[in-house]
**Q** 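Have a look at this one.
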Amino acid sequence: MGQVMTQRKTTIKDVIAALDLAPHVEGGYFRRTYQADHRDMLQSANGTRYLMTSIYYLLTEQSPVGQFHFNQSDILHYLHLGDAIEYSLIRADGSLQTLVMGSDVLAGQHLQLHVPGGIWKASRLLDGSSGFGLISEAVSPGFDFADMEMGNRQKLTAQFPQHRTLIEKLTREDD
Ligand code: GUN
């Protein structure tokens with residue numbers, strides 16, 4: 001392996017260690033950094049939730065895809081470091097929106113991304129010099145696995161046949 005690749009791998013490991021990140025079920029790595037412990041809990045349709053939670057979320061060249069999943073909550077994404085990340089959003093009406101979080105704002109890349117609840121979302125690290133992309137998410141009502149559904153490939157392709165190729169790329173075969 002080239003020296004640049006070895007150095008990149010070391011840096012990615014160091015970022016994961018420095019931020020104390022763990023593997024996420026969607027792919028990538030994360031750590032919850034905040035939950036609104038000091039505020040009253042919310043009564044959502046699905047149960048009691050924090051008013052807001054937040055995580056770091058990291059994609060790497062070894063784990064470059066956040067698989068399609070659905071969330072009931074609104075999620076604000078903030079870009080921090082590294083390479084650009086492509087987001088694919090499928091709304092209930094089947095419309096697809098693709099956009100890129102990245103630092104090249106002059107090229108139309110986004111530093112912030114707002115994804116309202118009720119949308120299927122996947123993310124994919126784009127090629128770049130870092131080999132990783134780091135964002136944060138602020139989730140309100142606060143994240144709960146009961147509000148989240150991982151995308152099942154068969155079910156999603158049946159619901160959105162026009163997006164089959166994309167869905168096959170951004171779901172696991174066995175999901
Ligand atoms: N995605 C967004 N927020 C969270 C969180 O707090 N935990 C997990 N596991 N996934 C998330």
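The basis for the numbers below is simple: all heavy atoms, side chains too, and nothing from hydrogens, waters or symmetry mates.
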**Q** Any side-chain heavy atom of Val139 within less than 4.5 Å of one from Met52?
**A** no
**Q** Give a yes or no answer on whether the side chain of Thr98 reaches the backbone of Ser88 with a donor-acceptor pair at less than 3.5 Å.
**A** no
**Q** Check the orientation of His24 and Phe145. Use parallel for under 30°, tilted for 30 to 60°, and perpendicular for over 60°.
**A** tilted
**Q** Are the side chain of Glu26 and the backbone N or O of Gly66 linked by a donor-acceptor pair below 3.5 Å?
**A** no
**Q** For the residue pair Asp74 and Pro116, establish whether any side-chain heavy-atom pair is separated by less than 4.5 Å.
**A** yes
**Q** For Asn46 and Ser44, what are the C-alpha separation, side-chain angles and deciding distance, and is it a side-chain hydrogen bond (donor to acceptor under 3.5 Å, both in side chains)?
**A** CA-CA 5 Å; Asn46 290 340; Ser44 83; 5.4 Å; no
**Q** May I ask you to check whether Tyr87 and His77 place their ring centres under 6.0 Å from each other?
**A** yes
**Q** Check Ile135 against His80 and note the closest heavy-atom contact, atom names and distance.
**A** C-CD2, 3.5 Å
**Q** Can any side-chain N or O of Arg31 pair as donor or acceptor with the backbone N or O of Leu19 at less than 3.5 Å?
**A** yes
**Q** Step by step, work out the side chain to side chain contact (heavy atoms under 4.5 Å, CB included) result for Asp20 and Tyr56.
**A** CA-CA 10 Å; Asp20 193 21; Tyr56 283 127; over 6 Å; no
**Q** Find the distance between CD (Gln67) and NZ (Lys169) and round it off to the nearest 0.5 Å.
**A** 12.0 Å
**Q** Among the clusters formed by ILVMFWY side chains lying less than 4.5 Å apart, do Val105 and Tyr78 turn up in the same one?
**A** no
**Q** For the residue pair Phe160 and Arg91, what are the closest heavy atoms and their distance?
**A** CE2-O, 3.7 Å
**Q** Looking at Lys121 and Glu137, does any basic side-chain N land under 4.0 Å from a carboxylate oxygen?
**A** yes
**Q** Centroid-to-centroid, Trp120 to Phe68, below 6.0 Å?
**A** no
**Q** Any side-chain heavy atom of Leu89 within less than 4.5 Å of one from Leu96?
**A** no
**Q** Has the side chain of Asp104 got a donor or acceptor atom that lies under 3.5 Å from a matching backbone atom of Gln109?
**A** no
**Q** Pair Val115, Leu113 - check side chain to side chain contact (heavy atoms under 4.5 Å, CB included), show working.
**A** CA-CA 6 Å; Val115 178; Leu113 167 62; 3.9 Å; yes
**Q** Group every Ile, Leu, Val, Met, Phe, Trp and Tyr by side-chain heavy-atom contacts under 4.5 Å, then state whether Phe143 and Val25 land in the same group.
**A** yes
**Q** Would you say the side-chain atoms of His163 pair up with the backbone N or O of Gly94, donor to acceptor, closer than 3.5 Å?
**A** yes
**Q** With a 3.5 Å distance limit and no angle check, can you tell me whether Arg8 reaches the backbone of Ser129 through a side-chain donor-acceptor pair?
**A** yes
**Q** Roughly how far apart are Ile75 CD1 and Tyr57 OH, rounded to 0.5 Å?
**A** 11.0 Å
**Q** If you round to the nearest 0.5 Å, how far is CE of Met101 from CG of Leu125?
**A** 13.0 Å
**Q** Can you check whether Leu42 reaches Thr48 side chain to side chain, under 4.5 Å on heavy atoms?
**A** no
**Q** Would you call the rings of His38 and Tyr34 parallel, tilted or perpendicular, taking 30° and 60° as the class edges?
**A** perpendicular
**Q** Return the minimal non-hydrogen interatomic distance between Leu51 and Arg39, and the atom names on each side.
**A** CD2-CD, 3.4 Å
**Q** Does atom CG of Asp127 have more than 12 heavy-atom neighbours, drawn from other residues, nucleotides or ligands, at distances under 6.0 Å?
**A** no
**Q** For a 4.5 angstrom cut-off between non-hydrogen side-chain atoms, does Thr53 reach Arg32?
**A** yes
**Q** Is the shortest distance from a Lys or Arg side-chain nitrogen in Lys9 or Glu61 to a carboxylate oxygen in the other one below 4.0 Å?
**A** no
**Q** Report yes or no: does Ser73 contribute a side-chain atom to a donor-acceptor pair with the main-chain N or O of Pro141 at less than 3.5 Å?
**A** yes
**Q** Identify the heavy atoms of Val15 and Phe132 that sit nearest to each other, and give their distance.
**A** CG2-CZ, 4.2 Å
**Q** Report yes or no: does Thr60 contribute a side-chain atom to a donor-acceptor pair with the main-chain N or O of Gln62 at less than 3.5 Å?
**A** yes
**Q** What do the steps show when you test Phe30 against Leu58 for side chain to side chain contact (heavy atoms under 4.5 Å, CB included), and what is the final call?
**A** CA-CA 6 Å; Phe30 84 114; Leu58 178 81; over 6 Å; no
**Q** Could you give the distance from CG (Asp83) to CG (Leu134), rounded to the nearest 0.5 Å?
**A** 11.5 Å
**Q** Can Ile85 and Val100 be said to form a side chain to side chain contact (heavy atoms under 4.5 Å, CB included), step by step?
**A** CA-CA 6 Å; Ile85 299 173; Val100 174; over 6 Å; no
**Q** Measuring only between side-chain heavy atoms, which start at C-beta, is Lys155 closer than 4.5 Å to Glu149?
**A** yes
**Q** Taking the side chain as C-beta and beyond, is there a heavy-atom pair between Leu59 and Tyr29 under 4.5 Å?
**A** no
**Q** Between Arg124 and Leu170, what is the shortest heavy-atom contact and its length?
**A** CD-CD2, 4.1 Å
**Q** Under 6.0 Å from the CG atom of Asp14, do we count more than 12 heavy atoms belonging to anything else shown?
**A** yes
**Q** Would Arg49 and Gln43 count as a side-chain hydrogen bond (donor to acceptor under 3.5 Å, both in side chains) if you check the C-alpha gap in whole Å, the side-chain angles of each, and the deciding distance to 0.1 Å?
**A** CA-CA 6 Å; Arg49 301 286 181 266; Gln43 301 307 323; over 6 Å; no
**Q** When you measure from the side chain of Arg153 to the backbone N and O of Thr171, does any donor-acceptor pair fall under 3.5 Å?
**A** yes
**Q** Quick one: are Ser140 and Tyr50 in side-chain contact, heavy atoms under 4.5 Å?
**A** no
**Q** Ile12 and Gly131: which non-hydrogen atoms are nearest, and at how many Å?
**A** CD1-O, 3.3 Å
